[in-house]
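Notes follow once the structure below has been shown.
Keep in mind it's a predicted model, so treat the numbers as computed, not measured. Sequence positions, counted from 1, serve as the residue numbers for this chain.
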Amino acid sequence: MEREKAEAVIEAVLFTMGESVEISRLADVIEEDVKTTGKILEEMVKRYEQEGRGITLIRFDNAVQLCTKADMYEYLVKIAKAPRKMTLTDTVLETLSIIAYRQPVTRLDIERVRGVSCDHAINKLLEYDLITELGRLDAPGRPLLFGTTEQFLRCFGVGSLEELPSLNPVQMEEFKQQAEAEVSLQLEV
């Protein structure tokens, strides 16, 4: 394998793995011996340094890992500490509550309860990692089943689904009336 291609392969493997990889395994991948692979790695480190790149290779005994340079941490902190703004509209919250209390639940089941399409709300909840796909229902069309995530529990300060407040029949009837009112408003538009 030509040197440039070998470096690209090593870089891709290390980036994808995200952890240290034994040099002997890298040597097998690029079809070189360990000594030659070690020299390629040293050249990569030198080139990263000369080009002022934000990454470097760190060696651990017989392994190597692709890492961010230490002087880049202040910039990483700026992006990592910026909280991802999560906006939960009434529609998204209603959809989330249906999923939380009835999981595993299909999109069609959610729409039956709400009376309106819930595509946008489900997509937002998936994006925020508050719900996840749990599999498929063993029924015609094999619809997706949705349920809440550990992130949901964290965000709402509960340790398990059993800790969610119970809904009384009066609240359920109010929710149903609100959903019906929302449907009639949408039909008028």
Could you check whether Lys39 pairs with Glu43 (Lys NZ or Arg NE/NH1/NH2 to Asp/Glu carboxylate O, under 4.0 Å)?
no
Given Val29 and Arg25, is the side chain to side chain contact (heavy atoms under 4.5 Å, CB included) satisfied, shown in steps?
CA-CA 6 Å; Val29 170; Arg25 289 182 67 202; 5.7 Å; no
Take Thr132 and Phe146 through the test side chain to side chain contact (heavy atoms under 4.5 Å, CB included) and record every step on the way to the result.
CA-CA 6 Å; Thr132 188; Phe146 296 98; over 6 Å; no
Looking at [X], I'd like to know if its [atom1] atom is crowded, meaning that more than 12 non-hydrogen atoms belonging to other residues, nucleotides or ligands lie closer than 6.0 Å.
X: Glu163; atom1: CD; value: yes
X: Asp90; atom1: CG; value: no
X: Asn62; atom1: CG; value: no

With the side chain counted from C-beta on, respond yes when Leu41 and Arg59 share a heavy-atom pair under 4.5 Å apart, and no when they do not.
no
Check whether any side-chain heavy atom of Leu144 sits under 4.5 Å from a side-chain heavy atom of Leu137, and report yes or no.
no
Any idea which heavy atoms bring Val64 and Leu14 closest together, and the distance?
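Shortest heavy-atom separation between Val64 and Leu14 comes out as O-CD2, 3.5 Å.
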For Cys67 and Ile58, work out which heavy atoms get closest and say how close.
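Closest approach of Cys67 to Ile58, heavy atoms only: SG-CD1, 3.7 Å.
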Using only atom types and a distance under 3.5 Å, with no angle test, would you say the side chain of [X] pairs donor to acceptor with the backbone of [Y]?
X: Gln103; Y: Thr148; value: yes
X: Asp109; Y: Val105; value: no
X: Thr37; Y: Leu26; value: no
X: Lys124; Y: Val92; value: no
X: Glu111; Y: Cys118; value: yes

To the nearest 0.5 Å, what is the distance between [atom1] on [X] and [atom2] on [Y]?
X: Thr91; Y: Leu96; atom1: OG1; atom2: CG; value: 12.5 Å
X: Tyr48; Y: Leu66; atom1: OH; atom2: CG; value: 5.5 Å
X: Asp129; Y: Thr149; atom1: CG; atom2: OG1; value: 4.5 Å
X: Arg3; Y: Ile30; atom1: CZ; atom2: CD1; value: 8.0 Å
X: Thr95; Y: Arg114; atom1: OG1; atom2: CZ; value: 4.5 Å
X: Arg53; Y: Met44; atom1: CZ; atom2: CE; value: 8.5 Å

Could you list the donor-acceptor pairs under 3.5 angstrom formed between side-chain atoms of residues 151-160 and any protein atom two or more places apart in sequence or on another chain?
from, atom 1, to, atom 2, distance (Å)
Gln151, OE1, Arg154, NH1, 2.6
Arg154, NH2, Glu150, OE2, 2.6
Ser160, OG, Glu162, N, 3.4
Ser160, OG, Glu162, OE1, 3.1

Hey, any chance [X] and [Y] share a hydrophobic cluster, counting ILVMFWY side chains that come within less than 4.5 Å of each other, even indirectly?
X: Leu93; Y: Leu161; result: yes
X: Ile55; Y: Tyr75; result: no
X: Val116; Y: Leu108; result: no
X: Ile40; Y: Phe15; result: yes
X: Ile98; Y: Tyr128; result: yes

Test Glu51 against Arg47 for salt bridge (charged side-chain N to carboxylate O under 4.0 Å, His left out), laying out the working first.
CA-CA 6 Å; Glu51 294 174 2; Arg47 196 175 69 257; 3.6 Å; yes
Show me the side-chain donor-acceptor pairs of residues 16-24 shorter than 3.5 Å, one per line, residues at least two apart or across chains.
from, atom 1, to, atom 2, distance (Å)
Thr16, OG1, Ala12, O, 2.8

Report the C-alpha distance between Leu145 and Arg136 in whole Å, list the side-chain angles of each, state the deciding distance to 0.1 Å, and finish with yes or no for side chain to side chain contact (heavy atoms under 4.5 Å, CB included).
CA-CA 5 Å; Leu145 290 167; Arg136 293 190 174 271; 6.0 Å; no
